[in-house]
Peer 1: 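This is the structure I have questions about; it appears just below.
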Amino acid sequence: MIEKKERNSNIELYRIIVMLLIVMHHYVVNSGLLDEMFKTPLAPESIFLYLFGMWGKTGIDCFVLITGYFMCKSNISLYKFVKLLLQVELYNILFGSIFLYAGYMPLSVSSIIQIINPIASVNTGFTSCFLLFYLFIPFLNILLNNLSKSQHFLLLVLSLGIYTILGTIPRIGVTFNYITWFCVLYVVASYVRIYGIWRSEDKMFWGGGIPRFNFNLRFKRACNAF
């Protein structure tokens with residue numbers, strides 16, 4: 001008898017909400033509404049649409065966190081990567097063919113290459129960057145599974161500090177890149193999966209009072225680990 005994997009209803013609900021947020025974002029950004037919103041940015045309709053469609057990057061981050069949460073305990077094989085790559089190619093060819101048939105794209109050699117090329121842009125292309133990031137996962141797992149809890153926490157603080165704190169300081173530019181940011185999110189998600197966020201007596205804390213989390217003490221322990 002084949003053993004069925006149990007599905008986490010909380011994660012599934014979380015995934016559904018994130019998908020809706022991404023759809024909302026693309027509806028606003030790719031529908032031509034932005035031009036009208038820029039004309040009257042303070043109008044109630046524009047403010048509503050700004051709020052309605054502002055969750056695109058948040059949704060991407062949430063999906064990568066889900067990936068890190070599950071993949072940090074999984075073995076990534078070449079078969080899994082090829083399977084993901086073929087899925088991307090299938091949708092590229094399917095929708096590319098529809099665009100060509102509808103006349104949305106001109107039939108040319110460059111258009112064909114654009115359709116079948118899975119790595120379109122490492123600068124802003126989410127799919128391209130996620131495929132490349134996927135290749136880093138086996139190496140990230142080797143690194144993270146051989147770190148102590150304190151070392152993992154210190155790596156998390158260092159990674160988030162560079163991207164979220166230094167970037168807010170004037171005249172210190174932090175260039176955003178999907179691949180490196182996905183690696184940072186992977187470090188965060190894997191820490192949550194392996195060690196949890198709130199712990200009391202080595203158990204996950206889900207309620208029953210205010211969680212005890214001493215950041216200074218944990219940071220000192222992490223530094224002492226070195």
Peer 1: Out of curiosity, Leu100 CG to Ile93 CD1, how far, rounded to the nearest 0.5 Å?
Peer 2: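 Reported value, rounded in 0.5 Å steps: 11.0 Å.
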Peer 1: Could you go step by step and tell me if Ile194 and Asn145 meet the side-chain contact (heavy atoms from CB on, under 4.5 Å) rule?
Peer 2: CA-CA 9 Å; Ile194 298 172; Asn145 289 322; 4.1 Å; yes
Peer 1: Sequence neighbours left out, what passes ring-ring contact (aromatic ring centres under 6.0 Å, His included) with His152? Give chain and number order.
Peer 2: Tyr191, Tyr195
Peer 1: For the residue pair Tyr69 and Ala189, what are the closest heavy atoms and their distance?
Peer 2: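 Here Tyr69 and Ala189 meet closest at N-CB, 3.5 Å.
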Peer 1: Cluster partners of Tyr101, using ILVMFWY side-chain heavy atoms under 4.5 angstrom, listed by chain and number?
Peer 2: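 Other cluster members: none.
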Peer 1: For atom OH of Tyr27, is the number of surrounding heavy atoms from other residues, nucleotides or ligands below 6.0 Å larger than 12?
Peer 2: no
Peer 1: Looking at CD of Gln114 and CD1 of Ile112, how far apart are the two atoms once the value is rounded to the nearest 0.5 Å?
Peer 2: 10.0 Å
Peer 1: Would you please name every residue forming a side-chain hydrogen bond (donor to acceptor under 3.5 Å, both in side chains) with Ser74, sequence neighbours left out?
Peer 2: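 Applying side-chain hydrogen bond (donor to acceptor under 3.5 Å, both in side chains) to Ser74 gives none.
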Peer 1: To the nearest 0.5 angstrom, please state how far the CG atom of Leu160 sits from the CH2 atom of Trp181.
Peer 2: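 With rounding to 0.5 Å, CG (Leu160) is 6.0 Å from CH2 (Trp181).
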Peer 1: Given the rule in the ring pair (Phe, Tyr, Trp, His ring centres under 6.0 Å) test, do Phe139 and Phe136 qualify, once you have shown the distances and angles that lead to the verdict?
Peer 2: CA-CA 5 Å; Phe139 303 99; Phe136 281 87; 7.2 Å; no
Peer 1: Which heavy-atom pair separates Gly53 from Val28 by the least distance, and what is that distance?
Peer 2: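 Closest approach of Gly53 to Val28, heavy atoms only: CA-CG2, 3.8 Å.
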Peer 1: Drop me the distance from Phe153's CZ to Leu155's CG, to the nearest 0.5 angstrom.
Peer 2: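 Answer rounded to 0.5 Å: 11.0 Å.
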Peer 1: Which residues pass the ring-ring contact (aromatic ring centres under 6.0 Å, His included) test with Tyr134, not counting sequence neighbours?
Peer 2: none
Peer 1: Quick check for you: to the nearest 0.5 Å, what is the distance between Asn146 atom CG and Asn141 atom CG?
Peer 2: 10.5 Å
Peer 1: List for me each residue that meets side-chain hydrogen bond (donor to acceptor under 3.5 Å, both in side chains) alongside Asn30, sequence neighbours excluded, and say none if there are none.
Peer 2: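 Expected list: His26.
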Peer 1: With heavy-atom distances below 4.5 Å as the criterion, would you say the side chains of Phe182 and Phe126 are in contact?
Peer 2: yes
Peer 1: NZ/Lys149 to CG/Leu154 distance, rounded to the nearest 0.5 angstrom?
Peer 2: 14.0 Å
Peer 1: Enumerate the residue pairs fulfilling side chain to side chain donor-acceptor pair (under 3.5 Å) with a member in residues 75-96, sequence neighbours excluded, ordered by first and then second residue.
Peer 2: none
